[in-house]
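In what follows, a single structure is set out as structure tokens and then discussed.
In what follows, chains carry the letters A, B, and so on, assigned in the order in which the sequence lines appear, proteins first and then strands, with residues in each chain numbered from 1. Only this structure's heavy atoms are used, side chains among them; waters, hydrogens and symmetry mates stay out.
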Amino acid sequence: MEEFSTERLSRLTGMLKRRGIILPAFEIHGGAAGLYDFGPVGGRLRNRVNQTWIDHWQSLGNIVEISCPTITPYSVLEASGHVGEFSDFLIECTECGEASRADHLVEDIHPNADALTKDELAKLIQENNPVCPSCGASIWGQIEAQNLMFNTKIGAGASGRQGFLRPETAQGMFTSFTSIYRHFRERLPFGAIQTGKGYRNEISPRQGMIRLREFNMAELEYFIDPEVEPVHDFSPWSSEVTLIADGHGEVSMTLGQAVDEGVIRHPTVGYFMGWTMDFLISVGINPSGLRFRQHESTEMAHYAQDCWDAEILGSYGWIECVGIAHRGCYDLTAHENATGQRLRAWRTFDEPKVIEIDGWTIDGAKAGPAFRALAGKVKEYVENLPAETKFPHSHNIEGTDLEILPEHVKRVQRTENVNGEWFVPHVVEPAFGIDRIIWHLLDHSYTEIEKSGEDYALLALPEVIAPVDVTVLPLFEKDGMDLLAQEIHKDLCKRKNTFSVYDASGSIGRRYARADEIGVPWCITVDHESLENNTVTLRARDSGEQTRVSIDDLPF
RNA sequence: GCGGAUAUGGUGAAGUGGUUAUCACCUGAGGUUUCCAACCUCAUGUCGUGGGUUCGAUUCCCGCUAUCCGCACCA
């Protein structure tokens, strides 16, 4: 891999801007931090990376793609925990009025202050009275949660509902669970993917494409039965992978080994790590700049049981680009609790369970008039009494002494066949930051060489994601070479999934250089011979080799 | 958000309190050229933004915005 340096980084970002791949957004208005455009070349690059991602996960065979709104009602994100967790806690000094981050004030006192809840922080500050870094006083006001989600209002005026732009695509998959479950004929495991924009109102966007306020995400929510031991084939990944494991440090082992030894805590998480690795390499990430790091239990997000980040080494160091989290039953349970809707799957037992029911219930005709408003409570109480209870039976409900007589109750004795049960599926979620991946594949593909004593830059992009598949170049724009080249160009553009560019300005060498710089894998050159025998030269980007092929046999 | 640095054509740079701001590359037009940034002629295009000081500000001062580097946070 190339050496990363700040000089190389500035040449790369300059090229990306000059050639219309990645540009600061709204620049004529002064720009806006954390917002970027994919330009005339980058637009297609983004689309192809996105589509490659979709194809890759759909090839698992039990995956559907959905698309949900980015505008999300308050209650959805409150249920998911984002309203509570996606916040920084600020506290105001009543002396000077300066707001400080509450967790920063107690970080000397508590080893893990940023993981504390609002109440825990308030307690610590009250007990320890930290000094205001701005004025030195110690008189603090209330802690306020400053949310990192973009607020919006759904609908106008007083009837408008509070909402947010989504901070992740995942919630849409959870709120659509019943529809996806039905689509798959109620059989686990299955998954839903979604690609699209996510929004986080970062305090301080930095490092170009790395931390954005609006970004492209791609997520899979894979629903599994926690009681079924998954069987995965790890044989496709026979080489060792760098893992930084919680409690183990940096180790090198195959994914299969890591799962067998319990370093990776769930086989499906390990399997998706392999699947993730395949994707990243296929779009141009250099495997030597790729590793997986396990979250320590203290930094784990609020929903996760185990989480591995795929980190990619680039000009900004090691950056997390993918998170593969075992979210357990957290999300579906959270939405179930908030809505009262059933977000579960049915598990049929191998053998129906026979349940002997032997107990009591009330005789409504007698107990109703006797206990009136308390009858419901009495029923609940009686049904929980053991079968050997003797009546009359005294009990106090809500301060009232009751005498439950034999005539108020009925014995219940029957056997029931239970064929299965409802359970909350567990979820394994690979979540990709597409922009971060695009940045790194550009960073890894960008190659600076010397050609005839001159600096020469090219993007060694894989063909599947190259923004332009082929450029068509008339050697000279005369004698009909230009007409034939135009004709070939138009024909190529009509082909499915092929994008061609026609370029006739400048010397042939200059045009090859222009194409190489944005990673066009192939150039077709129309020369005098083409006019005679219907052949053209096909030049490969990385080797510069040329072969003569018939126009009818062009491999696009 | 805090601390530090920076902002001049598409890109990279030079320069100045005073007429029309400089250079290279790039881009476009024409010419030339039988396959890897060649050459000739011509052309397009810049002082981030708002205020202040001044007869006059791209230059000095202040605010804002943006970028880069630390701190913090995340995909």
Under-3.5 Å donor-acceptor pair between A/Arg539 side chain and B/C36 base: yes
Under 4.0 Å protein heavy-atom contact, by nucleotide of nucleotides 40-50 of chain B - B base, S sugar-phosphate only: -----------
Atom P, compared across B/C47 and B/C64: separation rounded to whole Å: 23 Å
More than 12 heavy atoms from other groups under 6.0 Å of CG on A/Asn533: yes
Atom-to-atom span, CZ of A/Arg213 to P of B/U67 - whole angstrom: 9 Å
Please output the side-chain donor-acceptor pairs of residues 28-39 of chain A that fall under 3.5 Å, not counting sequence neighbours, one pair per line with the distance.
none

Residues in ring-ring contact (aromatic ring centres under 6.0 Å, His included) contact with A/Phe164, at least two apart in sequence or another chain: A/Tyr74
Side-chain donor-acceptor pair present, A/Glu454, A/Tyr456, cut-off under 3.5 Å: no
A/Glu463 side chain reached by A/Val470 side chain, heavy atoms, under 4.5 Å: no
Side-chain-base donor-acceptor pair under 3.5 Å for A/Arg200 and B/A75: yes
No-H, no-angle donor-acceptor pair, A/Glu202 side chain to B/C74 base, under 3.5 Å: no
Distance, rounded to the nearest Å, where A/His29 contributes NE2 and B/A7 contributes C1': 19 Å
Nearest-angstrom distance from the residue atom CZ of A/Arg211 to C1' of B/A72: 8 Å
Nucleotide B/A75, atom C1' - distance to CD1 of A/Ile312 in whole Å: 11 Å
Same-atom distance (P) from B/U49 to B/U8, integer angstrom: 11 Å
Intra- and interstrand pairs of RNA chain B - dot-bracket, Watson-Crick/G-U under 3.5 Å, | marks other strand: (((((((..((((....[...)))).(((((.......)))))....(((((..]....))))))))))))....
Residues from residues 17-25 of chain A lying under 4.0 Å of RNA chain B - heavy atoms: A/Lys17, A/Arg18
Distance in angstrom units between A/Lys451 NZ and B/C35 P, rounded: 15 Å
Interatomic distance, A/Met15 CE vs B/U11 P [rounded to whole Å]: 14 Å
Rounded distance in Å between the P positions of B/G45 and B/C40: 23 Å
Stacking check A/Tyr456 vs B/A37 (5.5 Å / 30 deg): no
Of residues 467-482 of chain A, the positions that come close to RNA chain B - non-hydrogen atoms, cut-off under 4.0 Å: A/Leu475, A/Phe476
